[in-house]
Amino acid sequence: MAGPILVWGAGAIGGTVGAALVRAGHAVVFVDIEAEHVAAIRDPARGLAIEGPLENYTIHAPAFTPEALRGRYARVLLCVKAQHTEAAARALLPHMAEEGYVVSLQNGLCEPIIAGVVGEARTVGAFVNFSADWLAPGKVLYGGRGAVVLGELDGSESARLESLHRLLRLFEPDAITTPNLAGYLWGKLGYGALLFAQAVGEKGIADCLERPELLPMWRALGGEVMRVAAAEGVVPRGFNGFEPHAFAPGGTEAEARASVAAMVAFNRPNAKTHSGIWRDLWVRRRTTEVDAQLAPVAEAGRRHGIPTPALDRLIGQIHECERGTRAMDDANLTEMLPA
Ligand SMILES: NC(=O)C1=CN([C@@H]2O[C@H](COP(=O)(O)OP(=O)(O)OC[C@H]3O[C@@H](n4cnc5c(N)ncnc54)[C@H](OP(=O)(O)O)[C@@H]3O)[C@@H](O)[C@H]2O)C=CC1
Ligand SMILES: CC(C)(CO)C(=O)C(=O)O
């Protein structure tokens with residue numbers, strides 16, 4: 001018997017997926033460092049409410065802060081921001097069953113960090129692009145469906161991958177498995193670079209991507225990530241409108257414009273209008289995942305001798321926004337246009 005599923009990080013992503021699994025009849029235990037959020041989830045009078053245009057429901061489940069958790073678990077869904085990966089992996093390690101695994105429902109290249117703590121054999125990869133926002137203790141917005149992809153780090157098919165796939169299809173019926181997880185994670189880094197740029201302005205994702213004057217910047221940012229990915233030996237995969245080949249060397253302006261238009265169409269109906277990075281900067285007033293997501297791409301670029309001027313400018317602006325020396329302004333994006 002696999003036992004309850006442990007969701008470590010019960011915010012936007014962990015809360016949405018965990019609640020769907022509870023609703024489907026699975027035993028789920030939530031862990032989060034936010035004591036108020038934990039108290040709400042475990043309170044029979046409150047619980048965890050999932051809100052939004054797709055569904056509205058409330059679940060109740062055991063929830064703990066990390067210090068209060070007891071027991072060992074075979075299936076762990078790790079759903080913290082990328083910069084908290086190592087600390088969370090170290091904290092959850094004593095709670096892992098010997099034959100258990102951790103699956104990363106995160107943006108960025110978190111799997112090697114997790115593997116460094118729990119072991120490669122106990123790490124499973126995932127890529128998620130659905131949209132959610134943590135709104136308040138016990139309250140999460142599920143804003144829109146998006147790609148969910150699972151894969152073993154060595155690309156193999158395994159019994160645990162198959163059973164994890166069955167499990168996550170209870171949340172997203174179109175979830176798939178892949179032998180090329182790295183391709184999806186690098187694809188998301190390319191798309192993610194565009195989302196980081198959205199975060200320094202006022203307009204939401206669809207309105208920002210739609211600004212025609214910004215196409216050269218989307219091409220520069222996407223192009224740099226795709227070039228570094230290729231140097232890393234990765235073949236990036238597309239999803240939800242993002243077409244890696246349109247941004248890679250050889251991709252034309254018309255192809256990039258078409259991919260951006262497809263991303264706009266995907267994001268337009270979404271109830272989550274702004275990226276998680278934008279919310280970190282201007283709503284949650286906290287540091288973003290920039291140093292755990294974009295900085296490693298620029299560093300890899302330097303190792304391979306690939307210049308990343310567009311990423312460097314963007315990373316610089318995000319740092320200024322984090323420090324409070326740059327205000328949210330749509331003009332920030334025009335300032336970053338390539339010369
Ligand atoms: N939200 C979205 O739509 C999408 C997010 N992602 C990715 O998913 C990952 C999770 O993001 P998201 O759910 O939005 O983030 P949230 O901040 O909403 O949720 C993460 C939760 O984990 C808590 N936490 C932080 N450190 C620890 C720890 N050591 N142990 C336990 N809990 C901890 C956080 O608390 P605190 O707030 O105090 O830090 C927070 O409650 C990120 O990598 C993100 O980029 C991917 C696709 C879409
Ligand atoms: C893609 C998106 C916007 C969720 O859809 C995201 O990953 C984020 O909020 O950081």
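Note that ligands are numbered from 1 as they come in the structure, with each ligand's atoms numbered from 1 the same way. Here, residue 1 is the first one in the sequence, and each next residue gets the next number. Keep in mind that what you see is a predicted model, and the values were worked out from it rather than measured.
Below 30°, between 30° and 60°, or above 60°: for Phe242 and Tyr191 the angle between ring planes is between 30° and 60°, a tilted geometry.
For atom 35 (O) of ligand 1, the candidate residues are Val38, Ile33, Leu78; the nearest heavy-atom contact is made by Ile33. With atom 12 (P) of ligand 1 as the reference point, the heavy atom nearest to it among Ala10, Ala12, Gly146, Ala87 is part of Ala12.
A chain of hydrophobic side-chain contacts below 4.5 Å, direct or via other Ile, Leu, Val, Met, Phe, Trp or Tyr residues, connects Leu311 to Ile306.
Protein heavy atom nearest atom 1 (C) of ligand 2, with residue, atom name and distance: Asn129 OD1, 3.1 Å. Closest protein heavy atom to atom 5 (O) of ligand 2: Ser131 OG, 2.5 Å. Shortest contact from atom 31 (C) of ligand 1 to any protein heavy atom: Trp8 NE1, 3.2 Å. Annotation: atom 44 (C) of ligand 1 to nearest protein heavy atom, Glu289 OE1, 3.5 Å. Atom 8 (C) of ligand 2 has its closest protein heavy atom at Gly276 N, 3.4 Å. For atom 19 (O) of ligand 1, the nearest non-hydrogen atom of the protein is Gly11 CA, 3.3 Å. With respect to atom 13 (O) of ligand 1, the closest heavy atom belonging to the protein is Ile13 N, 2.8 Å. Ranking protein heavy atoms by distance to atom 38 (O) of ligand 1, first place goes to Glu34 OE2, 2.3 Å. Atom 15 (O) of ligand 1 has as its closest protein heavy atom Lys81 CE, 3.4 Å. The closest protein non-hydrogen atom to atom 6 (N) of ligand 1 is Asn107 ND2, 3.4 Å. Protein heavy atom closest to atom 17 (O) of ligand 1, with residue, atom name and distance, is Arg286 NH2, 2.9 Å.
Distance check, rounded to the nearest 0.5 Å: CG of Asp291 to CD1 of Ile318 gives 10.0 Å.
Within the 6.0 Å centre-distance limit, the rings of Phe239 and Phe127 are counted as a close aromatic pair. A centroid separation of 6.0 Å or more is found between the aromatic rings of Tyr57 and Tyr142.
Remark: side-chain polar atoms of Thr123 are paired, donor with acceptor, to backbone N or O of Gly119 under 3.5 angstrom. For His37 (side chain) and Gly138 (main-chain N/O), a donor-acceptor pair under 3.5 Å exists by modelled atom type. Using modelled atom types, no side-chain atom of Gln198 and backbone atom of Trp278 make a donor-acceptor pair closer than 3.5 Å. Between the side chain of Glu224 and the main chain of Ala310, a donor-acceptor pair closer than 3.5 Å is present.
Considering backbone and side-chain N/O of Val128, none are found under 3.5 Å from N/O of ligand 1. Looking at ligand 1, you'll find an N or O of Asp32 within less than 3.5 Å of one of its N or O atoms. On a distance-only criterion, His37 and ligand 1 share no N/O pair closer than 3.5 Å. Considering backbone and side-chain atoms alike, Leu195 places every N or O at 3.5 Å or more from each N or O of ligand 2.
You'll find the side chain of Thr177 stays beyond 4.5 Å of the side chain of Val149, heavy atoms only. Taking the side chain as every heavy atom from C-beta outward, Trp282 and His274 never approach each other to under 4.5 Å. With a 4.5 Å cut-off on side-chain heavy atoms, Phe30 and Val22 count as touching.
Listed by atom number, the atoms of ligand 1 under 4.0 Å from Ser131 heavy atoms are 3 (O). Under a 4.0 Å criterion applied to the non-hydrogen atoms of Gly9, ligand 1 contributes the atoms 22 (O), 32 (N). Residue-ligand proximity, Ser275 to ligand 2, at heavy-atom distances under 4.0 Å covers atoms 9 (O). Less than 4.0 angstrom separates some heavy atom of Lys188 from each of these atoms of ligand 2: 1 (C), 6 (C), 7 (O). Ligand-side atoms of ligand 2 in range of Lys272: 3 (C), 4 (C), 9 (O), range being under 4.0 angstrom from any heavy atom. Here is the list of ligand 1 atoms found below 4.0 Å of a heavy atom in Val80: 9 (C), 10 (C), 22 (O), 24 (N), 27 (C), 32 (N), 33 (C), 42 (C), 43 (O). The atoms of ligand 1 that sit less than 4.0 Å from any heavy atom of Trp134 are 18 (O). Of all atoms in ligand 1, numbered sequentially from 1 with element shown, those under 4.0 Å from a heavy atom of Arg284 are 37 (O). Distances below 4.0 Å separate heavy atoms of Lys272 from the following atoms of ligand 1: 1 (N), 3 (O). Each of the atoms 1 (N), 2 (C), 3 (O) of ligand 1 lies under 4.0 Å from some heavy atom of Ala132. Residue contact check: Ile205 has heavy atoms under 4.0 Å from atoms 3 (C) of ligand 2.
The number of heavy atoms from other shown groups lying within 6.0 Å of CD (Glu99) does not exceed 12. In Glu320, the CD atom is crowded: over 12 heavy atoms of neighbouring residues, nucleotides or ligands sit closer than 6.0 Å.
Only backbone heavy atoms of Phe130 (N, CA, C or O) come within less than 4.0 Å of ligand 1; its side chain stays farther off. Neither the backbone nor the side chain of Glu86 has any atom closer than 4.0 Å to an atom of ligand 1 (non-hydrogen atoms only). Residue Asp133 does not touch ligand 1, judged by heavy-atom distances below 4.0 Å. Here Gln106 has heavy atoms under 4.0 Å from ligand 1 in both its backbone and its side chain. The part of Cys79 lying near ligand 1 is the backbone, judged by heavy-atom distances below 4.0 Å. At a 4.0 Å heavy-atom cut-off, ligand 2 touches Asn107 through the side chain alone. Neither the backbone nor the side chain of Asn267 has a heavy atom within less than 4.0 Å of ligand 2.
For the pair Arg219 and Phe247, the cation-pi criterion (under 6.0 Å, within 45° of the ring axis) is not fulfilled.
Residue Phe130 places a heavy atom under 4.0 Å from ligand 2. Within the 4.0 Å heavy-atom shell around ligand 1 one does not find Ala91. In this structure, Leu105 is part of the shell of residues with a heavy atom less than 4.0 angstrom from ligand 1.
Salt-bridge formation is not detected for the pair Glu210/Lys203: no Lys NZ or Arg NE/NH1/NH2 atom is positioned less than 4.0 Å from an Asp or Glu carboxylate oxygen. Using a 4.0 Å cut-off between charged nitrogen and carboxylate oxygen, Arg326 and Glu335 count as a salt-bridge pair. Here Asp174 pairs with Arg145 in a salt bridge; the nearest charged N to carboxylate O distance falls below 4.0 Å.
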Exercise. Given salt bridge (Lys or Arg N to Asp or Glu O under 4.0 Å), test Arg160 with Glu152 step by step and report yes or no.
Key: CA-CA 9 Å; Arg160 71 180 181 184; Glu152 290 285 0; 2.7 Å; yes

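Side-chain contact of Ser131 with Asn270: a donor-acceptor pair under 3.5 Å is present, judged by distance alone. In this structure, a donor-acceptor pair under 3.5 Å is absent between the side chains of Asp43 and His60.
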